[in-house]
Amino acid sequence: MDKKAPWYYLTLLILAGEAVFILPFVLPRIFRSTVLDVFQLDNTQLGLCFSVYGIVALISYLFGGPLADKYPPRKLIAIALWMTALGGLFFVTYPSFKQLQVLYGYWGFTTIFLFWAPMIKATRVWGGDTAQGKAFGLLDGGRGLTGALFGLLGVLIFSFFLGEEVDASSLGERREAFQYIVYTSSVIIAIIGVLVWVFLKSGMDEREILVDRISKKEIGEVLRIPSVWLLMIIILCAYVGYKITDIISQYANEVMLYNEVKAAQTGTFFQFLRPTIGVLVGLLVDRFRITLWLVYSFGACILGGILFGSGIIGPSTTALFFMSVVIVAAGIYAARALYFGVMQKGKIPLMLTGTAVGLISLIGYTPDIFAGPAYGILLDAHKGEELGHQNVFWMLTGFSLVGGAAAIIYHRLYGKGG
């Protein structure tokens, strides 16, 4: 990995890496209250849509991972972007709950089978031997910026069509405004796919990072690496935290009593914390022990979870609310920026990155199946009340404790020498 891929290579990975998730996740995260209204869903139903996505994604991780070790990333990523954008054309028709579940299953395939492992492997290629922390920090930070910009664009479109009288707008008016957001997002995703197909070329001989076939021998080799099993636990716990960020805008709406636009603005603010944290981590972490930083990230998640779970945050504590939001964001987004960045420290071969990512993700991303329904049930049990939100953040605290313990073990095994 002596030859470094150009900067625009990472830029395209950043754009693609978040664009592919805009429709299924970013828009529902920023406009959660609006999505629940215009699709006539409750929290549990939306969580079940995410579960269908997770079930399909689980299978896609396993079988899609080895593809990244056999075919060039740019082709797989571009096709995934185009297929995901097509789903947006059905999304704008406001399908029924059952149809929406089918759509989320489709997105579970398009965003994972051809996309996830190729993106991680391409990022390892860009990072080379000495800049894995920078590569994954900038990737996740850049993805956060992309998501935040999509969110900001969505808020602008939403505000433009509804004007200042957001609370007085009819359901039909909100549906129309949200349609324009989805159409715009779908077109941009398709354009990024074209750019990836044409320009995502590392400049190195692809035979150095591809294998002719993946057999049981290679899979067994990956499964014998202790870091693979630890990363399964670390990513699972960190990803539960990331899924819980879906409710930040809803918390602002139901607990802090913000209107839908202000709640969406809060969700967008949270999104903007992701690039800030990701870039800072990316620029600093390679100078220190990357595995130790992973431990610290779970510590921040625990602290933030306790602050929200304790019930001390409410409409009269605006400053504490935003401080706690920053703490939670620091922990969750630092963990996301680091957990694949420690693969090289964990002695996982580059040529088998796709297979390793597929196996790790098989367990690590199971929160796509259970996290949405879990916090949906917790919220619906105390609908519109603060207690439901508190219970969700206690869930974050519990998983962060387990993830922190696994990160400490990883650091003790692989953290020596920086």
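This is a predicted model, so every value here is computed, not measured.
- Each of I302, I327, T397 was compared with L307 under the side chain to side chain contact (heavy atoms under 4.5 Å, CB included) criterion, and only I327 meets it.
- Under the 3.5 Å distance criterion, the side-chain polar atoms of W116 are left unmatched by any main-chain donor or acceptor of T111.
- Contact of the I59 side chain with the F109 side chain is not registered, since no non-hydrogen atoms from C-beta on lie closer than 4.5 Å.
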Let's go through W229 and L223 carefully: what are the C-alpha distance in whole Å and the side-chain angles of both, what is the deciding distance for side-chain contact (heavy atoms from CB on, under 4.5 Å) to 0.1 Å, and is it a yes or a no?
CA-CA 8 Å; W229 294 92; L223 287 175; 3.9 Å; yes
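- One finds the CZ atom of F150 at 4.5 Å from the CD1 atom of I22 (value rounded to the nearest 0.5 Å).
- When side chains are defined from C-beta on, F308 does not count as touching Q390, because their heavy atoms never get closer than 4.5 Å.
- Pairs passing the salt bridge (Lys or Arg N to Asp or Glu O under 4.0 Å) check and including a residue from residues 326-344, sequence neighbours excluded, read D140-R336.
- Of all heavy-atom pairs spanning H382 and G388, the tightest one is CB-N, 3.7 Å.
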Side-chain donor-acceptor contacts of residues 60-67 below 3.5 Å, not counting sequence neighbours, with atom names and distances?
residue: S60; atom: OG; partner: V56; partner atom: O; Å: 2.9

Given V35 and L27, is the side-chain contact (heavy atoms from CB on, under 4.5 Å) satisfied, shown in steps?
CA-CA 8 Å; V35 167; L27 294 184; 5.8 Å; no
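- Taken from CG in L13 to CH2 in W126, the straight-line distance is 10.0 Å, to the nearest 0.5 Å.
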Side-chain donor-acceptor distances from residues 84-93 under 3.5 Å, at least two apart:
residue: T84; atom: OG1; partner: A80; partner atom: O; Å: 2.8
residue: T84; atom: OG1; partner: T110; partner atom: OG1; Å: 2.9
residue: T93; atom: OG1; partner: F90; partner atom: O; Å: 2.6

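- Ring pair F399/F370 is parallel by interplanar angle, where below 30° counts as parallel and above 60° as perpendicular.
- Side-chain atoms of Y414 come within 3.5 Å of backbone N or O of S227 as a donor-acceptor pair.
- Heavy-atom minimum distance, L81 versus A19: CD2-CB, 4.3 Å.
- One distance of note links CZ of F115 with CD1 of I79; it measures 13.0 Å at 0.5 Å rounding.
- In this structure, the ring of F160 has its center no less than 6.0 angstrom from the ring center of Y180.
- For the pair K243 and F50, the cation-pi criterion (under 6.0 Å, within 45° of the ring axis) is fulfilled.
- Y239 has its ring centre no less than 6.0 Å from the ring centre of Y339.
- Rounding to the nearest 0.5 angstrom, the gap separating the CG atom in L10 from the NZ atom in K134 is 10.0 Å.
- Among I192, I188, I14, the single residue meeting the side chain to side chain contact (heavy atoms under 4.5 Å, CB included) criterion with T146 is I14.
- Side-chain contact between R124 and I348 is present, with heavy atoms from C-beta onward closer than 4.5 Å.
- For residues 34-52, the pairs satisfying side chain to side chain donor-acceptor pair (under 3.5 Å) are R32-N43, T34-E260, D37-R174, N43-Q250, N43-D380, T44-D380, with sequence neighbours left out.
- Side chains of F269 and V325 form a contact here, defined as non-hydrogen atoms less than 4.5 Å apart.
- Nearest heavy-atom pair, F340 versus S361, reported as atom, atom and distance to 0.1 Å: CZ-OG, 4.2 Å.
- When side chains are defined from C-beta on, F199 does not count as touching R74, because their heavy atoms never get closer than 4.5 Å.
- Residues I225 and P349 come closest through the heavy atom pair CD1-CD, 3.9 Å.
- With contacts defined as side-chain heavy-atom distances shorter than 4.5 Å, the pair Q101/K98 qualifies.
- To the nearest 0.5 angstrom, I306 atom CD1 is 10.5 Å from I312 atom CD1.
- Few gaps surround CH2 on W82; more than 12 heavy atoms of other groups in view lie less than 6.0 Å from it.
- At a threshold of 4.5 Å between non-hydrogen side-chain atoms, the residues V255 and I313 do not count as touching.
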Should F21 and R29 be marked as a side-chain contact (heavy atoms from CB on, under 4.5 Å) after you check the CA-CA gap, both sets of side-chain angles, and the distance that decides it?
CA-CA 11 Å; F21 297 110; R29 181 178 304 126; over 6 Å; no
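- Within the structure, side chain to side chain donor-acceptor pair (under 3.5 Å) pairs that include any residue of residues 11-26 comprise E18-R143, E18-R274 (at least two apart or interchain).
- Within 6.0 Å of OH on Y296 lie no more than 12 heavy atoms contributed by other residues, nucleotides or ligands.
- A donor-acceptor pair under 3.5 Å is absent between the side-chain atoms of Y258 and the main chain of T266, judged by distance alone.
- For V328 against F270, the heavy-atom pair with the smallest separation is CG1-CZ, 4.3 Å.
- Centroid-to-centroid, the aromatic rings of F39 and Y94 come within less than 6.0 Å.
- When all heavy atoms are compared, the tightest approach of P95 to L100 is CG-CD1, 3.9 Å.
- Applying the side chain to side chain donor-acceptor pair (under 3.5 Å) test to pairs two or more places apart or on separate chains, none has a residue in residues 311-334.
- Counting only heavy atoms from C-beta outward, the side chains of D368 and L58 never approach each other to under 4.5 Å.
- Atom CD1 of I112 sits about 8.5 Å away from atom CE of M119, to the nearest 0.5 Å.
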Step by step, would you call I77 with V20 a side-chain contact (heavy atoms from CB on, under 4.5 Å)?
CA-CA 9 Å; I77 292 172; V20 78; over 6 Å; no
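- Centroid-to-centroid, the aromatic rings of W107 and Y104 come within less than 6.0 Å.
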